[in-house]
Amino acid sequence: MSQESTKKYNIDHLISKRAINRQFIHFNSDNSKRAPEGFLPHPRPLGLAYGRPNPQYYPIKKITIALDEYPFQDSLFSTKKHDEVSFDVLRVADETGSIGLNEAFQYGDLNGLPAFAKFVKQFVEQIHRPSYDNWLTIGTSGASDGMNKAADAIIDSGDIVLLEEFTFTPFVNSVLNAGGIIVPTKLNLSSTDAKFDVAYLSNLLNNWDNLKPEHKKNKPKALYIIPTCQNPTGITHSIEQRKKIYELASVHDFVIIEDDPYGYLALPPFSKPNILEIQRENISVDEFLNNQLIPSYLRFDTEGRVIRLETFSKVFSPGLRLGFIVAHENIIKVIKRNAAIGTRSPSGPSQLILMNVINQKLGGLQGWLEWILKVRLAYVHRRNVLINSLTELRAYQNGYFGILSSEAGMFASIIINFPQGINKIDKLELLNYKLLQHGVTVVLGNKLAVDVEFSKESANFLRLSYAELDNDAELEEAGKRLTTAIEEFFRKDFNY
């Protein structure tokens, strides 16, 4: 689009009517517009209005936090010397940028506590650099809360939402809850060239009325994507693909909901595990930002049509239930009204733990990025252990399965090479009983399909997570059990 047309573009018509019309009324709303002439408020009023408990009502006087320097530091990084690191969080913070119990345990701002909101804004400015000015952020109670609020902000009853044919299916619930209609778009799941099928999407949009006559004159309102280390397939959009998809969004006028929980954990290619040389995969923050981190769709967004969802679950702790949304100010405005009548502000204690760790002990944004790279480094090793255990056994060497992806942070995916003409989904589900018999759990590809009928020929994959198990021995054993079960299933001609 030209610079002139970009200036004229207004995102408001893509915001849902429900979100636009939502009102928030509070008994303590500011009535200063009706003040009599000459009214001057007292400079230091004494508060008898809000039900905000004084911090001395809180039973907790201080919290002591002890930190590890590395994930798995007593096993994967046991050869390094680690200093004991701990600090106290006080009722009233005594360091700039820290959050005290008095602030964290109180009712909070809908955007997040000031220290959190400031950090998030700095993070987006320096890491993602949106290509327009009037963007804002708002804190969320984790990724699922962000997804639900994004869906509510955009989708009205009957609106079409495009989803990758395999995806993080809880977002389907958010779409249906808002009254939306789901249409899948294709992924190319070749073990040699797995990717998002941009040509399919382009053809679908350009020929919408012919290809989707049941939705004639009702083109998609939004596209939900996990563009980096996609869950469950591990696919990552190239920069060129991102530009093309954004151009399609601009031409066909829809919103891109960019869910990116794994983007900071993209891994280098598989190599043989060596715990003594684990640091060989370490990289600097500059190398990470300049050469490894793929730009967000925000970088290409000149019109404010990208809603980016972030979470701290994958790089700090899922139980924090803490994340944030980046979007055009008009979209954030309606999301804020949604939060005001529902979830309210994100958890204050969660913000306290996160921000005090970042600002007091990690050294701010630079230290936070260094911590992310340590998490990534641990995942590199654990991925190497699992993939190595899979590829060294007969089931892989005999071609019973192939590696679809293994560079996606927390997950690897393998394709089961069923023969042509077989009912892949029936056999995949039967294989699962064999896996359970051998004592290993996985996620079946068809369980993550948006439309099982649409994807029945490409659902023959398993998603494997190397995030949960305790140590290398368990990962190796899990790989052995998996491949043994697959080999037995093939030897029995795909029967239990």
Side-chain angles (χ1 to χ4, degrees), residues 65 67-83 85 119-120 122-129 143 226-231 234 236 239 260-296 299 308 310-318 320 322-324 353-387 405-412 465-468 472 475:
I65 297 177
L67 301 176
D68 277 345
E69 186 182 356
Y70 282 85
F72 295 91
Q73 75 173 28
D74 296 328
S75 54
L76 297 186
F77 300 95
S78 59
T79 58
K80 295 177 68 69
K81 184 180 183 300
H82 304 288
D83 296 326
V85 178
F119 174 79
V120 165
Q122 178 191 16
F123 185 88
V124 175
E125 284 176 337
Q126 294 191 26
I127 307 304
H128 297 306
R129 306 198 300 275
I226 306 172
T228 308
C229 304
Q230 199 257 5
N231 183 5
T236 292
I239 291 177
D260 195 19
Y262 313 103
Y264 308 111
L265 297 178
L267 307 183
F270 162 74
S271 60
K272 289 283 186 179
N274 187 334
I275 196 168
L276 298 179
E277 296 184 14
I278 192 171
Q279 291 284 352
R280 70 188 175 187
E281 299 288 2
N282 204 6
I283 58 175
S284 68
V285 169
D286 286 344
E287 167 68 15
F288 176 62
L289 295 180
N290 296 329
N291 300 316
Q292 300 287 329
L293 184 66
I294 298 180
S296 163
R299 191 78 60 84
R308 179 175 173 84
E310 292 232 15
T311 176
F312 293 96
S313 295
K314 308 303 183 288
V315 288
F316 197 101
S317 162
L320 284 180
L322 190 60
F324 62 92
I353 293 171
L354 177 73
M355 294 316 307
N356 285 355
V357 167
I358 289 175
N359 288 334
Q360 288 193 44
K361 293 303 173 185
L362 295 184
L365 178 56
Q366 178 76 11
W368 173 242
L369 293 170
E370 289 171 356
W371 168 254
I372 289 174
L373 292 178
K374 291 176 181 178
V375 174
R376 176 182 180 270
L377 188 59
Y379 273 122
V380 170
H381 176 78
R382 290 167 65 81
R383 182 278 313 272
N384 288 345
V385 170
L386 178 62
I387 297 301
S405 69
S406 62
E407 300 175 11
M410 296 176 68
F411 305 111
S465 171
Y466 38 85
E468 184 179 6
D472 290 3
L475 285 165

(request) Please round to the nearest 0.5 Å and tell me the distance separating atom CE of Met410 and atom CG of Asn231. (result) 9.0 Å

(message) How long is the straight-line distance from CD1 of Ile127 back to OG of Ser296, given to the nearest 0.5 Å?
(response) 11.5 Å

(request) Identify the two heavy atoms, one from Trp371 and one from Val315, that lie closest to each other, and give their separation to 0.1 Å. (result) NE1-O, 2.9 Å

(request) With Phe411 as reference, evaluate Tyr262, Tyr466, Tyr379 under the ring pair (Phe, Tyr, Trp, His ring centres under 6.0 Å) test and give the passing residue. (result) Tyr262

(message) I need the minimum non-hydrogen distance between Glu281 and Ser271, along with the two atoms involved.
(response) OE2-OG, 3.4 Å

(message) Given 3.5 Å as the limit, does a donor-acceptor pair link the side chain of Arg383 with the main chain of Ala412, or not?
(response) no

(message) Can you tell me how far apart OH (Tyr70) and CG (Leu76) are? Round to the nearest 0.5 Å.
(response) 11.5 Å

(request) Give a yes or no on whether Gln279 atom CD has more than 12 heavy-atom contacts from other residues, nucleotides or ligands under 6.0 Å away. (result) yes

(request) Return the minimal non-hydrogen interatomic distance between Val375 and Pro71, and the atom names on each side. (result) CA-CG, 3.8 Å

(request) Output the distance between atom CZ (Arg382) and atom CZ (Phe72), rounded to the nearest 0.5 Å. (result) 3.5 Å

(request) Mind jotting down which residue pairs meet the salt bridge (Lys or Arg N to Asp or Glu O under 4.0 Å) criterion with at least one end in residues 260-280? Sequence neighbours excluded, please. (result) Asp260-Arg308, Lys272-Glu392, Glu277-Arg280

(request) Please name the pair of heavy atoms, one in Glu310 and one in His128, separated by the smallest distance, quoted to 0.1 Å. (result) OE2-NE2, 3.0 Å

(request) Taking all non-hydrogen atoms of both residues into account, name the closest pair between Ile226 and Pro261 and its distance. (result) CG2-CD, 4.3 Å

(message) Restricting to side-chain hydrogen bond (donor to acceptor under 3.5 Å, both in side chains), what partner residues turn up for Asn356, sequence neighbours left out?
(response) none

(request) Report the distance from atom CZ of Arg376 to atom CG of Leu369, rounding to the nearest 0.5 Å. (result) 12.5 Å

(request) Carefully, step by step, assess Ser313 and Leu320 under the rule side chain to side chain contact (heavy atoms under 4.5 Å, CB included). (result) CA-CA 7 Å; Ser313 295; Leu320 284 180; over 6 Å; no

(message) Show, in sequence, the C-alpha distance, side-chain angles and deciding distance for Glu370 and Val285, and conclude whether the side chain to side chain contact (heavy atoms under 4.5 Å, CB included) test is met.
(response) CA-CA 6 Å; Glu370 289 171 356; Val285 169; 3.6 Å; yes

(message) Can you give me the closest heavy-atom contact between Val385 and Pro273, atom names plus distance?
(response) CG2-CB, 3.8 Å

(message) Under a 3.5 Å distance rule, please check whether Trp368 uses its side chain to pair with a backbone N or O of Val357 as donor and acceptor.
(response) no

(request) Assess the side chains of Asp472 and His381: does a donor N or O sit below 3.5 Å from an acceptor N or O? (result) yes

(message) Whether the side chain of Thr236 engages the backbone of Cys229 through a donor-acceptor N/O pair (distance < 3.5 Å, no angle test) should be reported.
(response) yes

(message) Nearest 0.5 angstrom please: Leu265 CG to Leu377 CG, how far?
(response) 11.5 Å

(request) Keeping to residues at least two apart or across chains, list the ring pair (Phe, Tyr, Trp, His ring centres under 6.0 Å) pairs with something in residues 264-286. (result) Phe123-Tyr264

(request) Can you spot which of Ile372, Leu322, Thr311, Ile353 makes a side chain to side chain contact (heavy atoms under 4.5 Å, CB included) with Phe316? (result) Ile353

